[in-house]
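I have placed the structure first, in the form of structure tokens, so that the comments after it can refer back to it.
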Amino acid sequence: MTCLKIPLQSKKNMSSQQQQRFHLPNHKRKTCDLSKGHWVPALGGSSTYYTNSSCTTIPDSKNCFKQGRMDSDFLNWKWKPEQCDLPRFHARTFLHMVRAKKMAFIGDSVARNHVDSLLCLLSQDEIPKDVYKDSEDRFRKWFLIVGEERMVNGTGTSIFDMHLDKVDNDWAKELPNLDYAIISAGHWFFRVMHLHEAGKQVGCVYCNEENITSYNPDFTIRKAFRTAFRHINACKECGRKKMVTVLRTFAPAHFEDGVWNTGGYCNRTGPVSESEVDFGKFDWEVRGIQMEEFERARREGTMEKLGHNNNNNNNRFEMVDVARAMLMRPDGHPGEHWGNKWMKGYNDCTHWCLPGPVDVWSELLLAVLKREAGMVVA
């Protein structure tokens, strides 16, 4: 997993009148399920905040227009929750809320996709400063749980030994310093993995070896999230700081007629309706697993508060549920337009074009953070 930390603060402070306008007493706050809704045509055409040329930090692999994509209708839609309106992203408001705070995105390359989108949205108000970059253009390789890649003659095999009951210390040690931890993962688990618990191998995924119990990826996903959430609940320093943990639910891929290495493609140019979505797919099952473990963690955290750790466990849990909305957006992926000369002929139907529907994730994130802070959502 890749964890990206972005120190965020705005030079332009909001006035006290602006700040007061956002806050409401508890009994006047609206409740709205932001995850249930539909895509509607954007007023005035495009719903974008930036272009592929106005944002200078878009990776080439997500710069779909630069890589030859010709259609642009996929930009002309906005997400409309059933019970309320989702406000457009306001960069200055976001920067005000996270001023002098630390936010980490803990996840896979799709989490990186979210960060790249967020940086473009924030560039309306502030130009981001790259404060650290390692030789591979990522901060660190972090896993929710301990994972070790098997090597052959110094070369990675993409086969991992995963320790289901051990949280990875590289991200865990950063938790006490965080104000917000945005956790997401899913696609990374679709690979060969040997699973270990209590120091013993308990099974494997996609290995098909004799005398070893075979599991589907959902088993590992559940175990990984449970281990990660339990560590967060046990983090006393996090509780004292009242860290907010945000789960971003699974964002599905949209391969048709195959997968990435068997000719699968994604060449649609507009969203589909909810009636066209197959909620029996494994993508929706992954979202369900995440939801169950999220609710378990929130429940266990509440029990801790009522018990002997009342003074320590003040962690808060929030959710940015993008799964339903993104299931309706098979048009938002790079497809063949991702410019990877080493993977020519393969389509990217997992990550998302910038600009594109992925930008709604930060609209939802801001709405959730505002709600968590007792501010008006819509």
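The chain is numbered in sequence order, starting from 1.
More than 12 non-hydrogen atoms from other residues, nucleotides or ligands lie less than 6.0 angstrom from NZ of K281.
The SG atom of C32 sits 8.5 Å away from the CG atom of L86 when rounded to the nearest 0.5 Å. To the nearest 0.5 Å, atom SG of residue C64 and atom CG of residue L354 are 7.5 Å apart.
Aromatic ring pairs are classed by plane angle as parallel below 30°, tilted from 30° to 60° and perpendicular above 60°; the pair W352 and W361 is perpendicular.
A salt bridge links E197 to K223: one of the charged nitrogens lies within less than 4.0 Å of a carboxylate oxygen. Comment: R268 engages E256 in a salt bridge, judged by a side-chain N to carboxylate O separation of less than 4.0 angstrom.
One side chain, Y49 or E363, offers a donor N or O that lies under 3.5 Å from an acceptor on the other. Side-chain contact of Q201 with H194: a donor-acceptor pair under 3.5 Å is present, judged by distance alone. Checking T350 against H333 by side-chain atom types alone, no donor-acceptor pair falls below 3.5 Å. Side chains of N261 and Y346: no donor on one and acceptor on the other come within 3.5 Å.
In this structure, D359 contributes its side chain and L121 its backbone to no donor-acceptor pair below 3.5 Å. A donor-acceptor pair under 3.5 Å is formed between the side chain of W171 and the backbone N or O of L144.
Aromatic ring centres of F250 and F189: separated by at least 6.0 Å.
With L195 as the partner, the side-chain contact (heavy atoms from CB on, under 4.5 Å) test is satisfied by one option alone out of T220, D161, I145: T220.
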